[in-house]
Amino acid sequence: MVDCPNQFTVSITDRISNIDADAWDGCLLETPGGDDHPFLQHAHLRILEDCRAIEGRIWAARYLTARDAAGRLVAAIPMFVKASPFGDLVNEQAWVDLHRRSGRPYYPKLQICAPFSPVTGPRLLRRRDAPEQLLSRIIGLVTRSAASSNLSGAHATYVNEGDLNLFKKAGWHARSNIQFHWQNQDYQSFDDFLDTLISRRRSMIRSERHEVAQRGVDIQILTGPDLREEHMDVFAGFYLSTFEKKNCLPLLPRDYFLMLGERMADRVVLVMARADGRYVGATLNILGSRTLFSRSWGGVEGFSFLHFEVTNYRAIEFAIERGLATLDGGIGGLHKLKRGYQPVTTWSAHHMLDPAMDNAIAGLVRQEGALVAREHLNLAGQGAYRRGPLLRR
């Protein structure tokens, strides 16, 4: 436990279950953008803890909390000591190689993030009345915590703009990347959305949807009380088989999905496809207050365009029906650009403890930033939308 000026006390615990759920979620909800970020809800972090997706061997939790003189939780940071790249969902191989050539280990490192969730959101949780000076001091404590634990550095991934500015003020380096998101322009129907696309993209999407329909695939969207354990169990099987086909270890165990369906059914939007009396594909989405987050797809082979129907088109329809602002497509997927998604810049912040390494990383980040900016412009010019008055702003 560390005393902070102005009567604030900071402590670190290795289990989210040691923190009161209402206090944590209250802090999250008062943070700008926190109401649209279910991945940092206490319930979700507790699921990751209970299913042992987060455990000391690779993910060691370090939840930092700041309390005022009355003991009220006023700020918090979800931190994790990472012993390997497993579950990072960011590409830092060049940084690993740089450390290896210098004879310094890159792992373990400290990472501030929403575990296993490459979605932009707040990383510095705080009450509305938390002073910015407190947040700046907490960032300093994060750096000192990494140094005292002999870690290579501290990183905050998929950071929103407000928190990014605070990290930059503290001397951290901002790194950019690109994802693809679908933006709702007050569409009233899927056809309304299609009308804003260039003709060949409209034709492509209609053709793909027609082929899936011709196969007699029945598609369900399940959420809340309609979601049952059997549905989550089927999806878990698809998820695990996807990793098996790639000879990779799955990031999340089967119990994660079962617990997610049991404890957070109102946040789960599961799109399931059934044909010939069996499930043939499914996509797991997580629902925020303004955003639908596309998380994972799994399915059997032999159904052309089923992935696009289940993952993209049904999710877009759901977002339009619910009046959601954004469909977050997650990492990867250049094919999304042809289907109405648009490139958006994502950000992370980094600070290496060794000055030489910190300077080297700063140089790499600047070089990457210029390339990412050019790529963003290039991708924006390849979009599916008309360049005329029918393109909504």
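For clarity, every value in this text was computed on a predicted model and none was experimentally measured.
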J.: Just by distance, do the side chain of Lys336 and the backbone of Gly332 share a donor-acceptor pair under 3.5 Å?
T.: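 Pair found, side chain donor or acceptor close to backbone of Gly332.
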J.: Salt-bridge test for Arg254 and Asp233: reply yes if a basic N is under 4.0 Å from a carboxylate O, no otherwise.
T.: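 Salt bridge present between Arg254 and Asp233.
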J.: Regarding Arg263 and Asp50, does a basic nitrogen lie under 4.0 Å from an acidic carboxylate oxygen?
T.: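 Looking at Arg263 and Asp50, the cut-off is met.
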J.: Honestly, is Arg46 close enough over Trp24, meaning NZ or CZ under 6.0 Å from the six-membered ring centre and within 45° of the axis?
T.: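 Not flagged: Arg46 not positioned over aromatic ring of Trp24.
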J.: Are the side chain of His350 and the backbone N or O of Val365 linked by a donor-acceptor pair below 3.5 Å?
T.: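 No, the answer is negative, given that no donor and acceptor are paired below the 3.5 Å cut-off.
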J.: Checking ring-ring contact (aromatic ring centres under 6.0 Å, His included) for the pair Phe193/Phe190: CA distance, chi angles, key distance, verdict?
T.: CA-CA 5 Å; Phe193 153 64; Phe190 192 85; 5.4 Å; yes
J.: Ser294 and Asn285: which non-hydrogen atoms are nearest, and at how many Å?
T.: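 Of all heavy-atom pairs spanning Ser294 and Asn285, the closest is CA-OD1, 3.3 Å.
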J.: Do you see a donor-acceptor pair shorter than 3.5 Å between the side chains of Tyr313 and Glu208?
T.: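 Yes, because at least one side-chain N or O of Tyr313 sits under 3.5 Å from a partner of the opposite role on Glu208.
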J.: Check the side chains of His44 and Tyr256 for a donor-acceptor pair under 3.5 angstrom, ignoring hydrogens and angles.
T.: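 A pair is found: one side chain offers a donor N or O, the other an acceptor, under 3.5 Å apart.
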J.: For Arg202 and Leu197, indicate whether the former's side chain and the latter's backbone hold a donor-acceptor pair under 3.5 Å.
T.: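 Side chain of Arg202 to backbone of Leu197, a donor-acceptor pair under 3.5 Å: yes, one is there.
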J.: Do the rings of Phe86 and Phe116 sit parallel, tilted or perpendicular, given the 30° and 60° boundaries?
T.: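 Geometry flag for Phe116 against Phe86: perpendicular rings.
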J.: Do Val310 and Phe303 have side-chain heavy atoms sitting under 4.5 Å apart?
T.: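 Val310 does not reach Phe303 side chain to side chain.
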J.: When you measure from the centre of the six-membered ring of Phe308, is the NZ or CZ of Arg339 closer than 6.0 Å and no more than 45° off the axis?
T.: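 Relative to the ring axis of Phe308, which defines the angle, Arg339 lies inside both limits.
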J.: Dump the intermediate steps for side chain to side chain contact (heavy atoms under 4.5 Å, CB included) on Leu227 and Val269, then the final yes or no.
T.: CA-CA 9 Å; Leu227 190 69; Val269 179; over 6 Å; no
J.: On a heavy-atom basis, which atom in Trp95 and which in Leu364 lie closest, and how many Å separate them?
T.: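 Looks like CD1-CD1, 3.8 Å.
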J.: Taking 4.0 angstrom as the limit, do Asp35 and Arg290 come out as a salt bridge?
T.: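 Answer for the salt bridge query: yes.
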J.: Main chain of Pro118, side chain of Gln179: is a donor-acceptor contact present, judged purely on distance under 3.5 Å?
T.: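 Here the side-chain-to-backbone pair exists.
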J.: Looking at Asn378, I want to see if its CG is surrounded by more than 12 non-hydrogen atoms of other residues, nucleotides or ligands under 6.0 Å.
T.: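 Yes - once you tally the heavy atoms of other residues, nucleotides and ligands closer than 6.0 Å, there are more than 12.
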J.: What about the rings of His307 and His335, do their centers lie closer together than 6.0 Å?
T.: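 Under 6.0 Å, so yes.
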J.: At their closest point, which heavy atom of Asp36 faces which heavy atom of Ser289, and how far apart are they?
T.: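 Reported closest heavy-atom pair: OD1-N, 2.9 Å.
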J.: Given side chains that start at C-beta, do those of Phe39 and Val119 come closer than 4.5 Å, heavy atoms only?
T.: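 Side chain of Phe39 against side chain of Val119, heavy atoms only: contact under 4.5 Å found.
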J.: Please check this pair: side chain of Tyr239 against backbone of Leu252, looking for a donor-acceptor N/O pair closer than 3.5 Å.
T.: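 Answer holds: yes.
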J.: Heavy atoms only: give me the nearest Arg123-Ile77 pair and the separation to one decimal.
T.: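 Closest heavy-atom pair between Arg123 and Ile77: O-CG2, 3.8 Å.
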J.: Above 12 or not: heavy atoms from other molecules or residues under 6.0 Å from NZ of Lys246?
T.: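 No.
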J.: I need the single residue from Asp354, Asp97, Asp358 that forms a salt bridge (charged side-chain N to carboxylate O under 4.0 Å, His left out) with Arg104. Which is it?
T.: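 Exactly one pass, corresponding to Asp354.
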J.: Show your working on side chain to side chain contact (heavy atoms under 4.5 Å, CB included) between Thr326 and Leu292 and close with a plain yes or no.
T.: CA-CA 6 Å; Thr326 306; Leu292 184 65; over 6 Å; no
J.: Take Thr311 and Thr283, measure what side chain to side chain donor-acceptor pair (under 3.5 Å) needs, and give me the verdict at the end.
T.: CA-CA 6 Å; Thr311 302; Thr283 294; 2.7 Å; yes
J.: Is it true that Asp88 and Lys82 make a salt bridge, defined as a side-chain N closer than 4.0 Å to a carboxylate O?
T.: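 Looking at Lys82 together with Asp88, the answer is yes, because their closest N to O distance falls below 4.0 Å.
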J.: Which heavy atom of Arg128 sits nearest to which heavy atom of Glu30, and what is that distance?
T.: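 Smallest interatomic distance, heavy atoms only, reads N-OE1, 2.9 Å.
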J.: Salt-bridged, Glu211 to Arg206, with N to O below 4.0 Å?
T.: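 The answer is no: the pair does not qualify as a salt bridge.
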J.: Report the C-alpha separation of Asp226 and Ile221 in whole Å, then their side-chain angles, then the decisive distance to 0.1 Å, and conclude whether the side chain to side chain contact (heavy atoms under 4.5 Å, CB included) test is met.
T.: CA-CA 9 Å; Asp226 294 329; Ile221 298 181; over 6 Å; no
J.: For Glu375, does the CD atom sit with more than 12 other heavy atoms under 6.0 Å from it, leaving out its own atoms?
T.: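 More than 12 heavy atoms, drawn from other residues, nucleotides or ligands, come within 6.0 Å of this atom.
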J.: Between Ser17 and Glu49, do the side chains contain a donor N or O and an acceptor N or O under 3.5 Å apart?
T.: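 Their side chains do contain a donor-acceptor pair, which is all the 3.5 Å distance test asks for.
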J.: Please determine whether a side-chain nitrogen of the Lys or Arg among Glu317 and Arg209 lies less than 4.0 Å from a carboxylate oxygen of the Asp or Glu.
T.: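 Arg209 and Glu317: salt-bridged.
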J.: Give the intermediate values and the outcome of salt bridge (Lys or Arg N to Asp or Glu O under 4.0 Å) for residues Arg175 and Glu368.
T.: CA-CA 8 Å; Arg175 186 188 192 193; Glu368 284 182 349; 2.6 Å; yes
J.: Show your reasoning for whether side chain to side chain contact (heavy atoms under 4.5 Å, CB included) applies to Trp172 and Val142.
T.: CA-CA 12 Å; Trp172 294 36; Val142 169; 4.2 Å; yes
J.: Count the heavy atoms belonging to other residues, nucleotides or ligands that lie under 6.0 Å from CD of Gln183, then report whether that count exceeds 12.
T.: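 Buried by this count: over 12 neighbours within 6.0 Å.
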J.: More than 12 foreign heavy atoms under 6.0 Å from CD of Glu301: is that the case here?
T.: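 No, because the 6.0 Å sphere around CD of Glu301 holds 12 heavy atoms or fewer from other groups.
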J.: Can you name the nearest heavy-atom pair linking Ile178 to Pro343, along with the distance?
T.: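 Closest heavy-atom pair between Ile178 and Pro343: CG2-CB, 4.0 Å.
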J.: Any salt bridge between Arg215 and Asp276, counting N to O under 4.0 Å?
T.: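 Judged by the 4.0 Å cut-off on N to carboxylate O distance, Arg215 and Asp276 do not form a salt bridge.
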J.: Got a sec: does the CZ of Arg72 have more than 12 other heavy atoms crowding it under 6.0 Å?
T.: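 For Arg72, atom CZ is crowded (more than 12 foreign heavy atoms under 6.0 Å).
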